[in-house]
Number of protein chains: 2
Amino acid sequence: MSIPRNTKAKQAVLHEISSSDFALSQPEIFERVKGACDRVTVYRILDRLVTENKIHKIVNVDGTINYARCTSCDESHMHAHDHLHFSCIACKKIECLAEQIVHVNLPASYQIKELFLTISGICPSCQAT
Amino acid sequence: MSIPRNTKAKQAVLHEISSSDFALSQPEIFERVKGACDRVTVYRILDRLVTENKIHKIVNVDGTINYARCTSCDESHMHAHDHLHFSCIACKKIECLAEQIVHVNLPASYQIKELFLTISGICPSCQAT
DNA sequence: TTATTTAATGCAACATTGTTGCGTTTTGCA
DNA sequence: TGCAAAACGCAACAATGTTGCATTAAATAA
């Protein structure tokens, strides 16, 4: 296993993801770090950050791939996605509904890898406008 | 609103989706109706079949868009997706876990549009092999 | 500080998936 | 059978993601 390096481009990408309050797509991230590095490099950095467990790869309800720093878990352990997420179709923000735990009771013959529990709709903030 | 027509290409596409026991992507469908029509036509047919409520558009856990005929609901009403789905990463089949109803208790300030409740993993059949 | 190793990058080229415009064909119906 | 428009084919374009390879730069050791 190779030793990861902390490059300027990597820092820039991680900074954009960290400072955004909603999950970003690769094109959005590339736009925000404009000039810092090549388009291809962004893809490779994102892959690395995911394997290093620094960021989460999120599949949105429309199929777009977004990346976010999960605020409710530290980096040392896998995040338990046993709770619901709310994906606002207006502002695109994805919110963790941590208190809404989903209990899954499947036969042992099912080997569970990951849970994708997302509700799409309009969040309170966008509702108001 | 335009009146839909029953073309040969449309029949072919619908037949492939109907006879498959798992959701198919556009490339898979195009491959299976090979020669029946153009690549672009498949896209347009799929869009039409979705608006006509003949098929369902499904976003898989990996972000790919798949199409399927939903067996557990007739065509005249919207399907209630308040139950869990199991998506096998080996055989790609998506199963409805109809008995696993998820009760969502969100504040009224959230306007819910759709639920995406999918578990990814390995299904019993693929487990055995 | 400098040298060394190899992780990371840039660039070009390619692949896949999806969209748009437009002229032509075909379907459903009068 | 004739007609309106739904559907189609084709070409071109657009967005997103991947691969190969020569070059650059980060981390560590000398």
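These numbers come from a predicted model, not from an experiment.
A sub-4.0 Å separation between OP1 or OP2 of dA8(C) and a side-chain N or O of T41(A) is absent. The side chain of T7(B) places an N or O atom within less than 4.0 Å of a non-bridging phosphate oxygen (OP1 or OP2) of dC8(D).
dA25(D) atom P lies 17 Å from atom NZ of K10(A), rounded to whole Å. Distance K57(A) NZ to dT16(D) P: 15 Å, rounded to the nearest Å. Separating the CD atom of Q26(B) from the P atom of dT16(C) is a distance of 13 Å, rounded to the nearest angstrom. At whole-Å resolution of the value, CG in D38(B) and P in dA11(D) are 9 Å apart.
Contact of R44(A) with dG10(C) (side chain to base): a donor-acceptor pair of N or O atoms is detected under 3.5 Å. Put simply, the side chain of R39(A) and the base of dG10(C) share no donor and acceptor less than 3.5 Å apart.
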- Could you walk me through whether F116(A) and F116(B) pass the ring-ring contact (aromatic ring centres under 6.0 Å, His included) test, one step at a time? CA-CA 7 Å; F116(A) 297 87; F116(B) 297 87; over 10 Å; no
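Note: L14(B) CG to I45(B) CD1 = 9.5 Å, rounded to the nearest 0.5 Å. In this structure, N66(A) CG and I29(A) CD1 are separated by 8.0 Å, a value rounded to the nearest 0.5 Å.
Closest contact between the side chain of Y43(B) and the listed nucleotides dC10(D), dT17(C), dT18(D) involves dT17(C). Taking only side-chain atoms of R5(A), from C-beta outward, the nucleotide of dG18(C), dC10(D), dA27(D) with the closest atom is dA27(D). Counting only heavy atoms from C-beta on, V40(B) has its side chain closest to dT20(C) among dT20(C), dT27(C), dT9(C). Checking dG10(C), dG18(C), dG17(D) against the side-chain heavy atoms of C37(A) singles out dG10(C) as nearest.
Looking only at distances, no side-chain donor or acceptor of S20(A) sits under 3.5 Å from a matching main-chain atom of E16(A).
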